Structures are given as structure tokens and as C-alpha cells.
J.: 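Below is one structure. I have some questions about it.
The sequence lines fix the lettering, A, B, ..., with proteins before strands; numbering per chain opens at 1. For clarity, every value in this text was computed on a predicted model and none was experimentally measured.
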Amino acid sequence: MSAIVLRLWAALWLVLAWCLPASSQVAPGSNAERALEAYRAGSYELAHELWRLELDERASATIGPVAAQRNLGNAAFRLRRPLEAAARYTAALRLAPRDETLWHNLEFVRREAGLEPADRGDLTATARRFASSWTLPECERALLALLLSLALVLGWEALRGGALPRACALVLLALLALAAVPWTWQLRHAQRDTLFVVQPEGAPLLSEPRTEAALVARLSPASEVERTDALPGWWRVRTAEGATGWIADTGAIALRAPWR
Amino acid sequence: MNAILRGALGALFALCALLALSPGAAAQGASGGASLRAYLTSGVVRLGDRVALVVTVENARSSELGTLPSVKGLGIGPVQPPAEQRSIVFLGARRQESVTRTWTIPLRPQQTGQYAIPGFDMLVDGVARRTNELSLNVVRDLKGEELGYLEVRTSTPKVVVGQPFTIEVLFGFDLAITGTTDYANLSLAWWASLPGLLENATPPPDPARARVQVVVNDREMVEVEQLPNRSYRGREFLQLRLVRSFTPTREGRIELPTSHFEFGRTVQSQDFFRTRREKGETYFVRAAEVALDVIGLPEQGRPLEFSGAIGQIVARADATPRDVDAGDSIKFKVEWTGAGNLEFFTAPDPARLDTFRDFRVYGKSEERSLDRRVVTYDLSPISSAVTEIPALPLSVFDPVSGRYGSVSTEPLSVRVRALEGASGMSVDDRERFRSDILDVEAGPGAPAPDEPLGADLIAGLAALVAAAWLALRIAVRRNGDPAAPAARARRRARKELAASLLRADVARAQLELVHRFVAARTNRRAEAWVGVRVGGAGAELDNIVAELEREVWGGSGTPLPRQRILAAADVAIGGGL
């Protein structure tokens with residue numbers, strides 16, 4: 001009897017340990033901690049560099065990518081680079097699309113940079129925000145749960161028939177269709193290797209990866225383009241209008257598609 | 001609302017001014033932006049003097065001289081090929097090249113008199129255009145130089161593109177002949193033909209001075225100002241003044257040909273039909289040619305914030321009210337006066353100046369005129385720490401020194417009180433709270449999201465679910481529809497037996513319920529099972545039926561335990577009943 005109680009007690013502790021949030025402090029002496037200290041001391045350039053290291057070296061990182069992108073955005077804004085800050089917040093929102101702090105900061109820096117709001121509040125923007133409000137794994141989990149429920153209901157319908165299982169199946173199918181909207185959107189958009197143009201005067205789109213090449217177009221600041229190839233110092237991109245060309249890698253920031 | 005309306009009107013005015021300064025407007029062309037002008041090198045000449053008709057076409061790709069008119073007593077021609085001149089037109093930051101073709105056609109008057117040269121056709125960019133009519137006065141002798149005077153002068157010998165200047169015509173005649181002088185005519189060949197200039201509004205006349213009507217070019221009546229009499233060559237002269245103001249829009253040289261002032265008395269003549277007044281004794285005074293150089297704004301030293309202001313400008317500022325609460329509106333009125341293009345420069349925007357970072361700028365209203373420019377800014381201090389409205393600078397090019405400089409207002413002291421009844425936060429704090437990013441994430445934050453399962457897996461699972469459902473449904477329905485009434489009654493039989501047995505308190509009722517149960521499970525009528533054994537897995541059920549029948553037919557009617565009947569039913573169902 002006492003052995004059973006002990007096992008139950010141990011299991012309860014395991015469950016509690018799994019449920020409790022991870023430590024709320026970063027590891028002492030890590031880049032993240034030094035970056036935080038530098039930021040608090042007003043050394044924004046150093047803080048920016050350290051957080052960038054945290055972001056680039058994921059294997060040894062002590063903070064999550066959302067926090068790293070958010071903090072990089074703050075440091076960039078303090079360094080009077082609002083376009084880069086907007087890029088960082090946009091990248092972070094791809095990982096945590098419902099984070100109110102990120103939305104606040106993004107809209108603020110876009111306003112400071114003289115850009116249109118990311119969420120204009122009209123019908124199209126609201127639909128886009130709904131579609132992008134879940135990450136791809138979240139969409140998949142929701143779809144899996146709904147598929148499992150649907151399988152049970154369909155089994156019930158196959159064995160017993162009747163109006164009730166059919167109604168339940170229809171409701172579940174409607175929910176599946178609704179959940180498929182953000183999933184499809186994420187499949188279509190979030191997995192692209194997107195770049196965010198951060199050059200205040202716009203990035204020149206050149207026909208070849210050399211500075212003397214012909215100018216194909218000028219990418220407006222804060223526009224998003226898809227990266228299709230890369231060379232040292234250069235990125236080949238495709239615009240939303242279908243134009244392709246090369247830009248210098250200093251003119252844009254990769255939004256770091258997390259699942260590529 | 002009024003301020004908004006004034007602001008809109010100001011913007012409209014600025015737009016109109018910009019459009020007026022555009023090359024198309026400057027060229028004054030009726031079609032395609034090309035302009036055509038014709039004038040005489042002198043409106044009055046002595047018989048035998050040289051005089052020419054000058055025709056200029058500006059900003060045209062092609063132009064041809066049409067057939068010249070024929071005027072009795074006046075030889076016109078021969079026509080030489082045109083001279084071509086290229087010049088640069090400056091419009092703010094824009095630079096445009098202008099091409100001018102000039103035909104100089106000699107005129108040979110054969111006798112004295114007044115010649116009217118009618119307009120003639122020109123082909124400009126393929127379109128026929130007509131010149132204006134001109135008047136030439138040919139006299140035997142230009143006498144009377146000592147009886148009058150004429151001076152044509154510009155306010156400056158050299159101007160910068162965009163810098164306003166005036167052309168002043170001073171003229172008059174000896175007061176001693178006032179009684180015998182009853183007409184005056186200014187012969188100004190350049191009057192309607194000054195290319196590259198935009199005429200400004202005339203300054204309002206001095207109400208203390210008399211105004212006199214004078215004829216210009218024997219055609220047009222203009223009002224001139226009468227100045228105090230003037231002593232000249234030891235005699236007293238009547239003095240009149242005509243002023244026109246212009247703004248040059250391009251570089252180059254502006255030449256004002258010889259001008260004449262003609263005055264005298266008229267005589268009355270009568271013929272059979274009517275009485276006419278004709279020029280009698282006429283005197284002429286001549287003014288030499290005048291030239292003005294228009295130069296471009298120098299690039300060297302031009303500040304990035306250059307407003308386009310040119311001239312010698314003075315700034316003055318005032319603000320009301322001076323004692324306000326934080327967030328209240330202050331009308332900051334700035335007035336620029338002096339000799340300059342006050343109508344055309346771009347007023348500075350305090351919102352773009354660091355010195356005004358403690359103020360919100362809600363808008364401005366403007367009043368423009370030739371002699372002053374007034375801009376009223378709507379400012380609001382955001383902090384009680386504000387003690388003054390800083391100096392507002394205006395970047396100006398001074399054509400006298402030839403350098404760019406800045407004209408600033410004086411700082412104005414103000415008192416700003418913190419808002420009463422506000423929370424513990426000062427106005428500064430609230431502003432900062434509202435308008436800043438939220439702080440960095442001090443903790444490790446959310447972990448990296450899981451890897452996605454992939455669209456193939458999701459789609460495969462969906463297909464599998466659909467296929468499994470179809471397969472199961474087909475297999476189940478081979479044995480009949482599970483939703484049919486008989487099938488549903490069969491599934492319900494056990495549940496109904498259990499519920500009904502609770503109410504059955506005699507053996508007869510229990511027997512009926514057992515028969516009904518067996519009937520529902522076998523899809524037959526209950527009466528069909530009277531006296532019939534189920535057999536097989538229903539053997540226990542058969543025993544119970546037999547016992548119940550004995551109780552019923554034996555007369556005691558004692559019921560059997562409910563649990564026993566249900567257990568027998570379960571065994572029968574498990575055995576395939």
C-alpha cells in the first residue's frame with residue numbers, strides 16, 4: 001500500500017514539474033544576460049550584437065527566438081533604426097502571432113518610421129490577422145484534434161447511423177474547414193524565406209550581383225520579398241509583383257522562416 | 001475650422017503660385033507651352049532712324065515666320081534667318097532648358113506719321129498663331145528733350161532667379177507748359193514682351209498721392225502715381241511714376257529697348273462729317289536701353305533646409321496666450337517682411353526642428369502678400385518644463401552678399417503650468433508612457449516552436465479517416481441498416497427489459513416482458529414465442545420462462561428476482577440472440 005502511495009506521489013511531482021513554467025531568469029554569464037546589462041546601461045550597440053549572437057547560435061542560446069527578436073527590435077529602435085526594429089518584431093510575430101507586446105511595439109515603430117500600420121483594421125487586414133494568428137504547429141495540432149474527433153463521430157455514424165452522428169460530423173467538418181484557413185495561409189506564406197527591406201531610401205534591385213549592374217526596380221522600405229538564392233554579400237529575391245533581381249544583403253533582414 | 005480653411009486656402013495659393021512658376025505658365029503659351037511675342041525696338045523714331053520689328057518664339061520645337069503684313073508707307077524686311085538662344089529655367093529644384101528663336105526684321109518708314117502694323121500669322125509647332133498689333137510713330141524731329149524727362153530703371157542691376165525686382169518709370173514735363181499740354185503717351189516697346197518674368201501683384205497705392213491716367217503705346221490706359229514736383233536742370237517739373245514688379249524664372253539677360261515719353265497738345269480739326277482731335281505740337285523725351293542680368297542660385301553653401309527665400313528679410317514673432325496649462329494651444333505668429341520673394345518661399349515647419357521637441361504642432365495658417373508673409377502656428381507645450389518658444393529659423397539667400405544665411409525670430413518667454421487634478425504622473429511621464437515601445441524581455445521567453453508535422457501527414461490522415469469511414473459503413477450496411485426501426489428496437493430491448501422489470505410485480509407481467517424482449521431481439525412478434533423455446537445460449541432464459549409459466553398457471557403468481565432475469569438476458573445476448 002505504501003509503495004503505491006509513493007509511486008503516486010512521485011508521479012504527481014513529475015506532472016507538476018512538467019506543468020510549471022521554466023525558469024524566468026536567463027543563465028548567469030550568458031550572452032543574453034550580458035546583453036540585458038548592456039541594454040540597461042544604454043550600450044545599445046553592444047546589446048544588439050549580443051542578442052544577435054543569441055539568435056544566430058541557437059544551439060547555445062539561453063533565450064527563446066521570440067525574446068531574442070523582440071529584444072533585438074528594442075535595441076535597433078534605440079539605435080534609431082526603426083525599419084530594422086519593425087523587421088525584428090515582424091519576425092517575432094511569426095513565432096508568437098498573438099503576443100500583444102510585439103504588436104504594440106511593431107505598430108509603434110512603424111508609425112515612427114512613417115509606415116502604414118501592420119494592421120490597418122479594415123476587413124482585409126482583419127482577415128489576414130485571423131489567418132496569421134496561429135503558428136503552423138498550432139494549426140496542425142488543432143487539425144489533428146478535429147480529425148480525431150471526426151474519426152470517432154464517423155465511426156459512430158457508420159456503426160449506428162442516425163441524424164445525431166451525422167449532425168456532429170457536419171459540425172466537425174465545418175470546424176475543420178475553418179481551421180484549415182490559417183493552416184493553408186501558413187503553408188503558403190509563413191514557410192517562405194522572406195526578407196524585410198530595411199534601407200530607409202529603399203533597396204535597389206539589380207539585374208546581377210554587382211553594384212554596376214542595371215537597376216531593375218527599387219524596393220520600397222518595409223516591403224517584403226522572397227529570397228530565392230544567395231551569394232556572399234548578395235541575395236537574389238522575387239517581389240510580390242514577380243520581378244526578380246539581386247539586392248545587397250545589408251539592405252534587408254531575413255525574417256527567418258522558423259520551419260525551413 | 002477657420003484655421004483649417006485658411007490653411008487649405010494657403011495651400012491652394014501656394015499650389016497656384018507653383019503652377020504659375022511652372023515652365024508652361026512662364027511660357028504663357030496658348031498651345032503646347034510655346035510663347036510668341038512681337039515688339040518694336042522703339043515705338044517712336046525719327047524719319048531715317050533705324051527701327052526693327054522683333055519676333056521671338058520660345059519653347060517651340062518648330063516655328064516658321066508667316067507672310068509679313070503690308071503697310072502703306074512702311075517698308076518691312078528683308079527677313080534674315082532667326083537667331084537661336086538657349087537658356088536655363090530654374091523652378092525650385094527643377095532645371096529646364098529653354099530655346100528662343102528671334103527674327104529681327106528691319107522697318108523703313110518712308111514718311112512721318114503713325115503706322116499701325118497689323119498682326120500676322122506664325123506657324124508654331126504646326127499651329128497658326130497671330131502676333132499682336134503694333135504701333136510705330138515716325139516723326140521728323142524728336143524735339144522737346146529739354147521740356148520733359150524720362151527715366152527707366154530697375155531696382156537692381158542684377159537679380160537672382162526667384163528674387164523679385166521692380167521696373168520704375170519716372171517721367172514728367174515742365175510745369176511751365178502744363179497749361180498747353182493736354183495729352184501724354186508712354187511708348188514702351190517692352191511693355192507686353194518681357195520673357196522669363198512673372199509679374200507680381202502691384203503694391204497698393206499710397207492714398208495720400210494723386211493718381212493720373214496715362215496712355216501706354218497709344219493703346220492702353222494705365223494709372224500712374226503723381227509724386228511731388230521735381231527740380232531738374234534748374235526748372236520745375238511735374239513728376240509721375242509707374243512701377244511694375246516681377247519675379248524672374250530663368251537665367252539670362254533681360255533687355256528693355258529704348259523708351260519714349262510723348263506729350264504735347266491736341267488740335268481740333270473739322271471736316272464735312274465730323275470734328276476730330278489730332279496731335280498738334282508734340283514733344284519727345286527718350287530713355288536709353290536698360291539691361292538686367294538674371295543669375296542662378298549658387299549651389300555652393302546651399303543648406304539642406306533652404307526654404308527658397310531670397311532677399312533681405314526680417315522676422316518678427318508674437319505668441320498668445322503666454323500663460324497656459326500643459327497641452328493648451330498657443331498661437332505662435334511669425335511675420336517676415338522686407339525685400340524678397342515673401343509670397344513664394346516655404347515657411348519652416350517647427351515639427352521638424354529639435355528645438356521644438358517639447359511642443360506639439362497641430363497646424364498653421366498663412367497670409368501672403370508682396371510686402372509681408374504671416375504664418376500662424378498652432379503650438380501646444382507638452383511639458384510644464386517649457387519656459388520659452390524657441391527661435392524659429394528661416395534659411396535665406398541674400399543676393400546683396402551673395403550668401404546663404406538664416407533669419408530667426410527672437411525666443412518668446414512663456415509660462416506653462418502642470419495640469420491640475422492629474423494623477424501622480426507629470427505630463428512628461430504620461431507622454432513618454434504613451435509614446436514608447438514596451439521593454440525588453442528579461443526572461444528566456446517562449447521556447448522555439450515545435451517542428452511542424454507536415455502537410456502530407458495531415459492530408460494523409462484526413463484521407464485515411466474518410467476511407468475508414470466509408471469501408472466501415474459499407475461493411476456494416478451489408479447486414480442491414482443499423483438505423484432501421486427493427487435494428488434500433490433490437491438494440492433497445494435489453495434497456496427496456498431492465499426498465500420495465502422495475503414496474504413488473506407479478507409473474508404474468510414478467511412473462512410478457514421476457515416474451516417481448518425475445519421478440520425484439522429476433523425481429524418477431526411476441527405472441528410467436530408463446531410456448532416456443534429459444535434454445536442454445538437462451539437455455540437459462542427458457543428455464544425462466546418455464547418457471548414463470550408455472551407460477552402463472554399454478555395460481556400463485558410470485559415474481560422471480562429481477563437480477564436473475566436480466567442475467568439470463570445478458571447470457572442470451574452474449575450467445576448471439
J.: What distance separates A/L136 CG from A/L95 CG, expressed to the nearest 0.5 Å?
T.: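 One finds 11.5 Å between CG of A/L136 and CG of A/L95.
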J.: Using non-hydrogen atoms and a 4.5 Å limit, figure out which bit of A/E157 sits close to chain B: side chain, backbone, both or neither.
T.: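 Both parts, backbone and side chain.
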J.: Side chain from CB out, backbone as N, CA, C, O: work out which of these in A/R160 comes under 4.5 Å of a heavy atom of chain B, or both, or neither.
T.: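 Both backbone and side chain of A/R160 come within 4.5 Å of chain B.
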J.: With a 4.5 angstrom heavy-atom cut-off, could you sort out which part of B/R488 is near chain A: side chain, backbone, both or neither?
T.: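 Interface part for B/R488: neither.
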J.: Check for me whether A/R129 meets the cation-pi criterion with A/W103, that is, NZ or CZ under 6.0 Å from the six-membered ring centre and within 45 degrees of the ring axis.
T.: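 So A/R129 does make the cation-pi contact.
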J.: Salt-bridge test for A/R141 and A/E138: reply yes if a basic N is under 4.0 Å from a carboxylate O, no otherwise.
T.: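 Here A/R141 does not pair with A/E138 in a salt bridge, since their nearest N and O are not under 4.0 Å apart.
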J.: Pick one of side chain, backbone, both or neither for A/L159, based on which atoms fall under 4.5 Å of a heavy atom in chain B.
T.: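 For A/L159, heavy atoms of backbone and side chain both lie under 4.5 Å from chain B.
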J.: Between A/L147 and chain B, with a heavy-atom cut-off of 4.5 Å, which part of the residue counts as in contact: side chain, backbone, both or neither?
T.: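 Contact with chain B involves both backbone and side-chain atoms of A/L147.
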J.: Can you label the angle between the A/H104 ring and the A/F108 ring as parallel, tilted or perpendicular, going by 30° and 60°?
T.: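 Judged by the thresholds at 30° and 60°, the geometry between A/H104 and A/F108 is parallel.
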J.: Among A/A158, A/C139, A/P65, single out the residue with the greatest number of heavy-atom pairs under 4.5 Å to chain B.
T.: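 Heavy-atom pairs under 4.5 Å are most numerous for A/A158.
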J.: Please evaluate residues A/D119 and A/R110 with respect to the criterion salt bridge (Lys or Arg N to Asp or Glu O under 4.0 Å), reporting the C-alpha separation (whole Å), side-chain torsions for both, the decisive distance (0.1 Å), and the verdict.
T.: CA-CA 11 Å; A/D119 181 2; A/R110 287 186 72 96; over 6 Å; no
J.: With a 4.5 Å cut-off on heavy-atom pairs, point out which of B/A483, B/A475, B/A471, B/G445 contacts chain A the most.
T.: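 That would be B/A483.
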J.: Does some side-chain heavy atom of B/L453 sit less than 4.5 Å from a side-chain heavy atom of A/L144?
T.: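 Result yes, sub-4.5 Å side-chain heavy-atom pair found.
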J.: Report the residue from B/R491, B/R473, B/R490 that forms a side-chain contact (heavy atoms from CB on, under 4.5 Å) with B/P482.
T.: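 One option only clears the test, and that one is B/R491.
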J.: Between chain A and each of B/I458, B/V465, B/D481, B/I474, count heavy-atom pairs under 4.5 Å; write down the option with the most.
T.: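 Counting heavy-atom pairs under 4.5 Å, the top option is B/I458.
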J.: At a 4.5 Å cut-off on heavy atoms, which part of A/A151 comes close to chain B: side chain, backbone, both, or neither?
T.: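 Both backbone and side chain.
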